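Just so we're clear, the structure is a prediction, and the values are computed from it rather than from any experiment. As a basis for the values below, the full set of heavy atoms in this structure was taken, side chains included, without hydrogen atoms, waters or symmetry mates. Both ligands and their constituent atoms are indexed starting at 1 by order of listing.
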Amino acid sequence: MSRLVLLLQAGGIASAALRFACSTISIQRLDPIVEPGRIPSGHVHQIVGGNAFNATMEGDIGERGTCTTCAYTEDFSNYWTAVMYFRHENGSYKRVPQYPNAQLGSDGSDAPDIKGGMTVYYTSKDFNSNGNQFIRAFPPGFRMTVGSPTANTVDYARGHPGLRYTCLQTVLTRGSETTEFPTKPCPAGIMAIHHFPACWDGKNLDSPNHQDHMYTTTKGGFAEAGACPTSHPVRVAQVAYETMWDTSVFKDMWPKNGKQPFVWSFEGNGYGTHADYLFGWKGDSLQRALNSTCMFHRCGSPGVQGVLKTQTAEEMNKCAVRNLVVEQTDGWLVELPGQKMVPMRFRG
Ligand SMILES: *[C@@H]1O[C@H](CO)[C@@H](O)[C@H](O)[C@H]1NC(C)=O
Ligand SMILES: *[C@@H]1O[C@H](CO)[C@@H](O)[C@H](O)[C@H]1NC(C)=O
Ligand SMILES: *[C@@H]1O[C@H](CO)[C@@H](O)[C@H](O)[C@H]1NC(C)=O
């Protein structure tokens, strides 16, 4: 037996890559990480995951959730980003609808499709290798954010290779990434990409800016990440989101001045893209999956290597939370929810 095999057996070292869909659980102005307890929070979010989602979230979410919009039934985590809006040249706004990953959301049968939502990834150092290191799951209560709504320079965007956009020529386009919103109409919409940092300080569940307890070695895409620094020595799973925004429904309303008409819900341009993660896998379920060598849908039952329990799109779509903020976020709006008093920093 080779030394590597012995090492793998001794250390439990393996490499798994999870990729799964979560349908939308809520679209509202709540932010239990950045603005806990504030109802409403500053800007509109689109949220997926477990039904313990609330204005304030402390403790072990994995033990509190009773349903989830994610394909894996033990995942009560919450995942969210800002919402993309179309700004009509007459000044009105309309929410851009989301659609699921074409390889996960609809099987072409009569079964219902997944409702909006996102694709979530948990990978190792890259898709194929953990670099011979143990990849840890997060502890209960763990949370983090990536990106910043106040970022508004191309330099910031260039310095964050994990935050990107893809102009979708078809629902399966991948690879061609930009630091800003695509400047021309995209036939199948815009994919917003968020890769979180994967090096943890090993101590803090959070930090004042929700980022300093983490360190990123992400080089963008799913390329191999570099080693973790001594300040943040613990390699945790590399979490990433892909959100498909169906901007194509506005193709006949592209402004006459040629400028791209999309804004984030904080009235922000593409550089301010950001995302939030609140860990909530039940018990040791995430670690169980990371310890295995399963890849994508093979991680779920009834797959041959299935280590995680799955549910149908119908069951995912059924899980819901109450809207704590009573306001209109859909249809044509004269202003973005919560943005009335904010100067229109990015108008242009
Ligand atoms: C994962 O692997 C580590 C290292 O071998 C081991 O200590 C731990 O018990 C395993 N956890 C699960 C849930 O399989
Ligand atoms: C949300 O938080 C409020 C106040 O703490 C609590 O009364 C309510 O039960 C919580 N809802 C959920 C779904 O956890
Ligand atoms: C802007 O245009 C849209 C689409 O035609 C329309 O529904 C909306 O009412 C218009 N808003 C204003 C302020 O005219």
Checklist outcome for this item: In ligand 3, the atoms that come under 4.0 Å of a heavy atom of Ser92 are 1 (C), 10 (C), 11 (N), 12 (C), 13 (C)
Checklist entry - Side-chain donor-acceptor pair under 3.5 Å between Tyr121 and Glu242, yes or no? => result yes
Item to check | Heteroatom distance test (Arg288, ligand 1): nitrogen or oxygen, under 3.5 angstrom | outcome: no
Next on the checklist: Donor-acceptor pair, distance only, cut-off 3.5 Å: does the side chain of Ser292 make one with the backbone of Cys294?
Outcome noted: yes
Next on the checklist: Can you name the atoms of ligand 1, numbered from 1 with element, that are less than 4.0 Å from a heavy atom of Gln287?
Outcome noted: 11 (N)
Item to check | Closest protein heavy atom to atom 13 (C) of ligand 2, given as residue, atom name and distance to 0.1 Å | outcome: Asn51 O, 3.9 Å
Next on the checklist: Within the protein, is there a heavy atom lying under 4.0 Å from atom 9 (O) of ligand 3?
Outcome noted: no
Item to check | Aromatic centroids of Tyr93 and Phe86 separated by under 6.0 Å | outcome: no
Checklist outcome for this item: When distances are taken from atom 2 (O) of ligand 3, the protein heavy atom at minimum range is Asn90 ND2, 2.3 Å
Item to check | Atoms in ligand 3 with a heavy atom of Trp332 nearer than 4.0 Å | outcome: 3 (C), 4 (C), 7 (O)
Next on the checklist: Among all the protein's non-hydrogen atoms, which is closest to atom 5 (O) of ligand 2, and how far away is it?
Outcome noted: Asn54 ND2, 4.8 Å
Item to check | Side-chain donor-acceptor pair present, His210, Thr145, cut-off under 3.5 Å | outcome: no
Next on the checklist: Using 30° and 60° as the class boundaries, would you call the ring planes of Phe138 and Phe279 parallel, tilted or perpendicular?
Outcome noted: tilted
Next on the checklist: Looking at Gln46 and Thr243, would you say the former's side chain and the latter's main chain have a donor-acceptor pair under 3.5 Å?
Outcome noted: no
